[in-house]
Structures are given as C-alpha cells and as structure tokens.
Enquirer: 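One structure, as structure tokens, below. Some questions next.
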Amino acid sequence: MFYRVEDGHGLPHDPFKALVSPRPIGWISTRDSAGRDNLAPYSFFMAISSAPPIVLFSSVGLKDAARAAKESGEFVVNIASRDLAEAVNLSSAPAPSDVSEFDLTGLTRADSEMVAAPRVAEAVASLECKVIEVRHVTDLHGNATDNHLVTGQVVGIHIAERAIRDGRFDVSEARLLARLGYMDYLSTDTVFEMHRPKWPITD
C-alpha cells in the first residue's frame, strides 16, 4: 500500500510508530525550580553523537520533564529495562505536577554526581545530562507543532556492576526495554554480532 500522509492511512490504527521501531526509551528524571522531582518515559529518544556523547528526546507539549529540563538546564536519562517495565509504564500516567513518579512507582531516588536531578537507583544505567538547547519543532511550512526537542550533552554515566561482563555493557543481561508500535514493547534478551564490512569488499 501507499498513502499520502495528508490523506490518511485508512487503517484502524496509525502505522507510523510501528514502522519506526524498535525505539529506545528515554526514562527522563528532572528536578524543577520548585524542587519537584519528575520521572517520565519518552519513546522519541535517541543518542545522536558519541564524541561528545549527546542525546535528545522529544516531548509532545511542554510536559513536566521537558519544562523542568528547560528551567534547570539538566536532566538524567535512566536506561529502561524489562524488570522495570511496569514501573516505566506507571510513570507515564498523567499525574499532576506536584505528584512525583518516584513516589508513585516506589522507585528509589539516588543522588546524581554532576546534576541536581535525581536518578533511578534501580536502573541498570543512568546518563547525567546538561541541556544544550530546547527547541520548538516546526513543520515543512514553518508552522509550530506541539513538539519540543530537548538536546543534552552527557556529562556523567552510572552503570550497574551486574550489567558489565568481560569489560562490556551486556545488553542481554540488562534486558533493555524498547518501544514498538501500538501498545507493544521489546526487550533485548537475544543479541548477535555483525561486523562492519571493510572496503574494498572481497569474496
């Protein structure tokens, strides 16, 4: 099938998010100017550079995490894993700003080293970030959308000892959680290697 996006897909559910998947989940923790801690998952999340390490997440509407990151200039990306999937899901509830998802989920706040925002103590890894920019996303015609892009540079990284094996972060052991389309998720229980080919390619 083919469809023009402006005409609609004609399916019972929009396929776009399922087509662009699996997507890593940025489980973002922040502390706003009033000292309130927020924790929320964002599936429009990605690493965009390794030197220096830079990540970004997109918020539909200036939700609490994006607003607090903009205010404070800081945020933490807690790496979501299968054992915490239910807590990740619960932290997506549209709770009022004065309700902390740390309390809602029963997760443990842990102090960060380089930012004020707390991290999830139970997370298999956490990335402490300083905000580079918060940008309102526009469409092809320059019209403002309801999306806000938060870009941050990673300044500190926590990794649980249980997830390090033979000097490498073991994604199978960590069972990282990813977002698929609709209500579907995926965890990294099976991993295989493929090495990048060298040029010129020979038989």
Side-chain angles (χ1 to χ4, degrees), residues 13-30 37-50 53-61 63-66 68-69 75-95 99-110 112 115 117-129 147-152 154 156-166 168-194:
H13 304 283
D14 187 351
F16 174 71
K17 292 180 184 178
L19 294 169
V20 186
S21 70
R23 299 186 306 280
I25 298 171
W27 204 12
I28 309 298
S29 54
T30 54
D37 296 335
N38 180 265
L39 176 65
Y42 288 82
S43 68
F44 288 126
F45 164 78
M46 183 53 62
I48 60 170
S49 170
S50 61
I54 297 173
V55 296
L56 60 79
F57 70 95
S58 178
S59 175
V60 180
K63 293 179 181 174
D64 288 343
F75 63 93
V76 177
V77 179
N78 303 281
I79 304 303
S81 54
R82 178 65 186 89
D83 59 314
L84 297 176
E86 286 70 26
V88 171
N89 190 44
L90 184 55
S91 69
S92 71
V99 174
S100 173
E101 290 78 9
F102 280 94
D103 300 328
L104 187 65
T105 59
L107 292 165
T108 309
R109 291 174 175 84
S112 296
V115 301
R119 59 188 177 88
V120 175
E122 295 85 352
V124 71
S126 297
L127 314 177
E128 298 185 16
C129 303
N147 301 286
H148 300 263
L149 201 62
V150 182
T151 306
V154 180
I157 299 176
H158 302 261
I159 304 174
E161 291 292 339
R162 70 182 187 277
I164 299 176
R165 181 176 296 173
D166 299 327
R168 298 172 64 172
F169 179 72
D170 190 328
V171 295
S172 293
E173 176 65 26
R175 301 182 71 201
L176 302 185
L177 192 66
R179 192 75 164 88
L180 300 174
Y182 316 114
M183 297 297 108
D184 300 327
Y185 292 81
L186 173 75
S187 65
T188 55
D189 294 321
T190 302
V191 175
F192 64 94
E193 285 190 349
M194 289 194 298

Enquirer: Run the side-chain contact (heavy atoms from CB on, under 4.5 Å) test against S59 and tell me which residues pass, sequence neighbours left out.
Expert: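 So S59 forms a side-chain contact (heavy atoms from CB on, under 4.5 Å) with Y42, K63, A66.
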Enquirer: Going by heavy atoms in the side chains, are L177 and L84 under 4.5 Å from each other?
Expert: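 Answer no - side chains too far apart.
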Enquirer: Identify the heavy atoms of S126 and V76 that sit nearest to each other, and give their distance.
Expert: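 Of all heavy-atom pairs spanning S126 and V76, the closest is CB-CG1, 3.9 Å.
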Enquirer: How long is the gap from OG1 on T105 to CG on N89, to the nearest 0.5 Å?
Expert: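 T105 OG1 to N89 CG: 11.5 Å, rounded to 0.5 Å.
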Enquirer: I'd like to know if the side chain of S29 reaches the main chain of P118, judged simply by a donor and an acceptor atom lying under 3.5 Å from each other, with no hydrogens or angles considered.
Expert: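 Looks like yes, one N/O pair under 3.5 Å.
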Enquirer: Please report the shortest heavy-atom distance between I25 and F45, naming the atom on each side.
Expert: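 Distance-wise, the nearest heavy atoms are C-CD2, 3.9 Å.
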Enquirer: Just so I know, are the side chains of V150 and I28 near enough to count as touching, which here means a heavy-atom distance under 4.5 Å?
Expert: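 With C-beta onward as the side chain, the pair stays apart.
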Enquirer: Using a 3.5 Å distance criterion without hydrogens, assess whether the side chain of S100 forms a donor-acceptor pair with backbone atoms of F102.
Expert: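 It does hold such a pair.
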Enquirer: P24 versus M46: any side-chain heavy-atom pair under 4.5 Å?
Expert: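 Touching, per the 4.5 Å side-chain cut-off.
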Enquirer: I'd like to check V124 versus L176 (side-chain heavy atoms, cut-off strictly below 4.5 Å). Are they in contact?
Expert: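 Side chain of V124 against side chain of L176, heavy atoms only: contact under 4.5 Å found.
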Enquirer: Distance from F169 atom CZ to I79 atom CD1, nearest 0.5 Å?
Expert: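 One gets 7.0 Å once the value is rounded to the nearest 0.5 Å.
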Enquirer: Could you check whether any side-chain N or O of N78 sits under 3.5 Å from a backbone N or O of V120, counting only pairs where one atom can act as donor and the other as acceptor?
Expert: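 Yes, the answer is positive, given that a donor and an acceptor are paired below the 3.5 Å cut-off.
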Enquirer: Is there a side chain to side chain contact (heavy atoms under 4.5 Å, CB included) between W27 and L39? Walk through the geometry before answering.
Expert: CA-CA 7 Å; W27 204 12; L39 176 65; 3.6 Å; yes
Enquirer: Does the pair D184/K17 count as a salt bridge with the N-to-O cut at 4.0 Å?
Expert: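 Salt bridge absent between D184 and K17.
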Enquirer: Has the side chain of T188 got a donor or acceptor atom that lies under 3.5 Å from a matching backbone atom of V171?
Expert: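 Here the side-chain-to-backbone pair exists.
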Enquirer: Can any side-chain N or O of D166 pair as donor or acceptor with the backbone N or O of R168 at less than 3.5 Å?
Expert: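 No; judged by distance alone, with no hydrogens or angles, the pair does not exist.
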Enquirer: Is the shortest side-chain heavy-atom distance between F57 and V77 below 4.5 Å?
Expert: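 The answer is no, as the side chains (C-beta and beyond) never meet within the 4.5 Å cut-off.
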Enquirer: Could you list the residues that satisfy side-chain contact (heavy atoms from CB on, under 4.5 Å) with N38, not counting sequence neighbours?
Expert: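 For N38 the side-chain contact (heavy atoms from CB on, under 4.5 Å) partners, ignoring immediate neighbours, are T30, A40, D64, A65, E101.
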Enquirer: Is R23 positioned over the aromatic face of F44, cation under 6.0 angstrom from the ring centre and no more than 45 degrees off axis?
Expert: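 So R23 does make the cation-pi contact.
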Enquirer: Side chain of S112, backbone of A117: donor and acceptor closer than 3.5 Å?
Expert: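 The answer is yes, because a donor-acceptor pair under 3.5 Å joins these two groups.
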Enquirer: Quick check for you: to the nearest 0.5 Å, what is the distance between T108 atom OG1 and R119 atom CZ?
Expert: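 Answer for the OG1-CZ pair, T108 versus R119, is 10.5 Å.
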Enquirer: Where do Y182 and A18 come nearest, in terms of heavy atoms and distance?
Expert: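 Between these two residues, the closest heavy atoms are CE1-CB, 3.6 Å.
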Enquirer: Taking atom CG of L180 and atom CG of L186, what is their separation to the nearest 0.5 Å?
Expert: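 Answer rounded to 0.5 Å: 5.0 Å.
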Enquirer: Looking at E161 and R165, does any basic side-chain N land under 4.0 Å from a carboxylate oxygen?
Expert: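 Salt bridge between E161 and R165, a charged N being under 4.0 Å from a carboxylate O: no.
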Enquirer: Check the pair D103, R109 against side chain to side chain contact (heavy atoms under 4.5 Å, CB included), reporting the backbone distance first and the verdict last.
Expert: CA-CA 9 Å; D103 300 328; R109 291 174 175 84; 3.1 Å; yes
Enquirer: For V88 versus P41, what's the shortest heavy-atom pair and its separation?
Expert: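 It is O-CG, 3.5 Å.
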Enquirer: Step by step, work out the side chain to side chain contact (heavy atoms under 4.5 Å, CB included) result for I54 and T151.
Expert: CA-CA 7 Å; I54 297 173; T151 306; 3.5 Å; yes
